[in-house]
Amino acid sequence: MASGDLELVNLTKRYGETVAVDAIDLRVPAGTYCCLLGPSGCGKSSTLRMIAGHESVSNGDIVLGPSAITNLPPAARGTAMMFQSYALFPHLNIRDNVAFSLKMKGVAKAERLKKADEMLALVDMSQHGDRLPSQLSGGQQQRVALARAMITNPSILLLDEPLSALDPFLRIRMRAELKRFQRELGITFIHVTHSQEEAMALADTIIVMTNARIEQAGTPREVFNAPRTEFVARFMGGHNVVTDGDKRVAVRADRVKVAKLNGGSPARTAAISGIEYQGTIVQMTLASERDGELTASLPESGFYANPFSIGDAVSVSWAATDVHELAG
Ligand code: ADP
Ligand code: MG
């Protein structure tokens with residue numbers, strides 16, 4: 001089976017009239033944690049399913065290492081899909097669930113159970129091999145789902161919204177575990193999510209998608225600090241998109257300076273329309289005639305040293321170096 005960099009070349013998926021994935025090009029270096037990020041319907045799952053071989057390709061190619069895998073059956077690609085934990089077979093114990101794909105491949109029982117035990121050790125589930133899925137917690141089931149995907153020794157693991165069924169606390173814990181597994185295994189993970197927070201926490205590379213296209217690809221810091229377009233700035237959050245002269249620009253909420261109006265005629269004024277305490281920061285919503293609604297965030301200590309109130313008239317400004325120009 002192939003291993004190496006994954007390359008999508010002009011990859012296209014059409015369902016009848018719908019173009020779900022529109023001629024995307026992407027290279028994912030081997031061993032990368034890559035997140036496909038975007039709103040519902042933008043083509044993330046279709047892209048992932050084409051890489052897995054669960055969906056036919058309408059146009060273009062999928063190349064893994066030296067060879068095109070575009071038309072290979074799923075099991076011959078060197079990829080594996082991690083399915084949601086509720087896709088475990090309820091009547092099979094954990095060890096047999098993990099060994100299942102090797103059974104389908106005709107691997108002898110002793111050998112496949114030995115391999116299953118190795119995978120269970122990898123995800124710290126050795127002591128639960130004899131249990132049924134229903135006898136495990138949500139997080140434990142998730143680890144079994146991971147072991148089940150890893151048993152085929154893939155060079156790319158594909159995960160479609162793997163954390164979305166978990167409660168918020170478990171989601172953050174499992175997120176850290178996924179990252180640790182990827183680091184330890186050293187293989188490529190391609191993880192679909194609509195959560196920018198999840199993508200920023202996990203990814204080496206974030207691929208922001210909208211309308212069947214790639215809008216921007218980069219490290220989390222690149223995508224957050226230098227959003228290429230208004231869509232990326234708004235989707236990543238934490239930015240204000242405003243007009244500056246004849247340009248569309250983004251300014252991070254934590255770079256917006258707010259001061260009580262005290263005579264003078266500042267270029268930008270606003271009224272404070274919302275104040276949200278968020279722990280380490282306090283986030284203020286500002287109603288501005290010129291710019292519409294703006295967001296400014298202050299460190300908690302800074303805010304309470306000189307607090308604002310709803311309705312306060314304020315001046316709004318930012319340093320020229322904090323203005324980031326967006327592509328039209
Ligand atoms: P995402 O995972 O980003 O939410 P999808 O890849 O599931 O997006 O869907 C992209 C587009 O393709 C959507 O408009 C969706 O309705 C459409 N689509 C997805 N799967 C099918 C299908 N099996 N048949 C027809 N249209 C589909
Ligand atoms: Mg999807």
Side-chain angles (χ1 to χ4, degrees), residues 6-28 32-62 69-71 73-74 77 79-88 138 141-142 145-146 148-149 154 156-168 171 174-175 178 182 188-203 205-218 220 223-224 227-237:
L6 175 74
E7 198 171 357
L8 309 181
V9 186
N10 194 32
L11 189 67
T12 303
K13 180 66 195 180
R14 284 183 291 269
Y15 303 99
E17 297 288 281
T18 307
V19 183
V21 179
D22 190 3
I24 64 173
D25 293 303
L26 176 65
R27 188 179 192 95
V28 182
T32 303
Y33 204 121
C34 173
C35 284
L36 300 184
L37 172 67
S40 175
C42 72
K44 306 180 297 294
S45 295
S46 298
T47 302
L48 202 73
R49 291 201 305 264
M50 285 191 284
I51 298 169
H54 297 151
E55 194 75 75
S56 65
V57 168
S58 306
N59 222 329
D61 262 312
I62 303 168
I69 60 169
T70 320
N71 299 307
R77 291 182 170 223
T79 61
M81 182 82 96
M82 176 179 149
F83 288 99
Q84 301 281 6
S85 54
Y86 49 72
L88 295 173
Q141 290 181 22
Q142 197 83 16
L146 184 66
R148 192 168 65 157
I156 301 185
L157 186 68
L158 306 165
L159 311 97
D160 195 345
E161 310 258 6
L163 305 176
S164 59
L166 304 176
D167 67 59
R171 192 178 306 148
M174 280 308 298
R175 179 169 96 186
L178 283 179
Q182 189 269 339
T188 304
F189 275 33
I190 301 182
H191 174 139
V192 162
T193 178
H194 60 266
S195 158
Q196 43 80 24
E197 185 198 329
E198 193 170 301
M200 287 200 285
L202 282 169
T205 305
I206 296 181
I207 314 299
V208 184
M209 293 183 69
T210 181
N211 293 327
R213 313 281 312 227
I214 293 173
E215 189 82 356
Q216 185 169 3
V223 172
F224 184 75
R228 196 178 64 78
T229 62
E230 177 176 356
F231 174 83
V232 177
R234 292 198 188 282
F235 193 80
M236 295 307 292

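This is a predicted model, so every value here is computed, not measured. Both ligands and their constituent atoms are indexed starting at 1 by order of listing.
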| message | Strictly under 2.8 Å of the Mg ion (ligand 2): which protein N/O/S atoms qualify? | response | Ser45 OG
| Going by heavy atoms, is Gly41 under 4.0 Å from ligand 1? | yes
| task | Mind checking the CD-CD1 spacing from Glu198 to Ile206? Nearest 0.5 Å is all I need. | result | 10.5 Å
| Pairwise side-chain contact, Asp25 with Val9, heavy-atom cut-off 4.5 Å (strictly under) | yes
| field | Identity and separation of the nearest protein heavy atom to atom 27 (C) of ligand 1 | value | Tyr15 CD1, 3.3 Å
| message | Distance under 4.0 Å to a non-hydrogen atom of Lys44: what atoms of ligand 1 satisfy this? | response | 1 (P), 2 (O), 3 (O), 4 (O), 6 (O), 8 (O)
| Of the protein's non-hydrogen atoms, which lies at the shortest distance from atom 8 (O) of ligand 1, and what is that distance? | Gly43 N, 3.2 Å
| Distance only, no hydrogens: is a donor on one side chain within 3.5 Å (strictly under) of an acceptor on the other, for His191 and Gln182? | no
| said: Can you confirm whether Leu8 sits close enough to Met50 that some side-chain heavy atom of one is under 4.5 Å from a side-chain heavy atom of the other? | reply: no
| Does the side chain of Val57 come within less than 4.5 Å of Ile62's, by heavy atoms? | yes
| query | Any donor-acceptor pair under 3.5 Å linking the side chain of Thr18 with the backbone of Ala20? | reply | no
| query | Can you list the steps and then say if Arg175 with Glu197 is a salt bridge (Lys or Arg N to Asp or Glu O under 4.0 Å)? | reply | CA-CA 11 Å; Arg175 179 169 96 186; Glu197 185 198 329; 3.4 Å; yes
| Donor-acceptor pair, Lys44 side chain versus Gly38 backbone, under 3.5 Å? | yes
| Do the side chains of Met236 and Pro227 get nearer than 4.5 Å, heavy atoms only? | no
| note | re atom 7 (O) of ligand 1, the protein heavy-atom contact at minimum distance is Ser45 CB, 3.8 Å
| remark: Residue, atom and distance of the protein heavy atom nearest atom 5 (P) of ligand 1 read Ser46 OG, 3.7 Å
| task | Quick one: look up the protein heavy atom nearest atom 14 (O) of ligand 1 and list residue, atom name and how far away it is. | result | Thr18 CG2, 3.9 Å
| side-chain contact (heavy atoms from CB on, under 4.5 Å) partner of Val21, the single match among Ser46, Cys42, Ser45 | Ser46
| Any idea which protein heavy atom is nearest atom 12 (O) of ligand 1, and the distance to it? | Ala20 CB, 3.3 Å
| said: When you measure from the heavy atoms of Arg49 to every atom of ligand 1, does any distance fall below 4.0 Å? | reply: yes
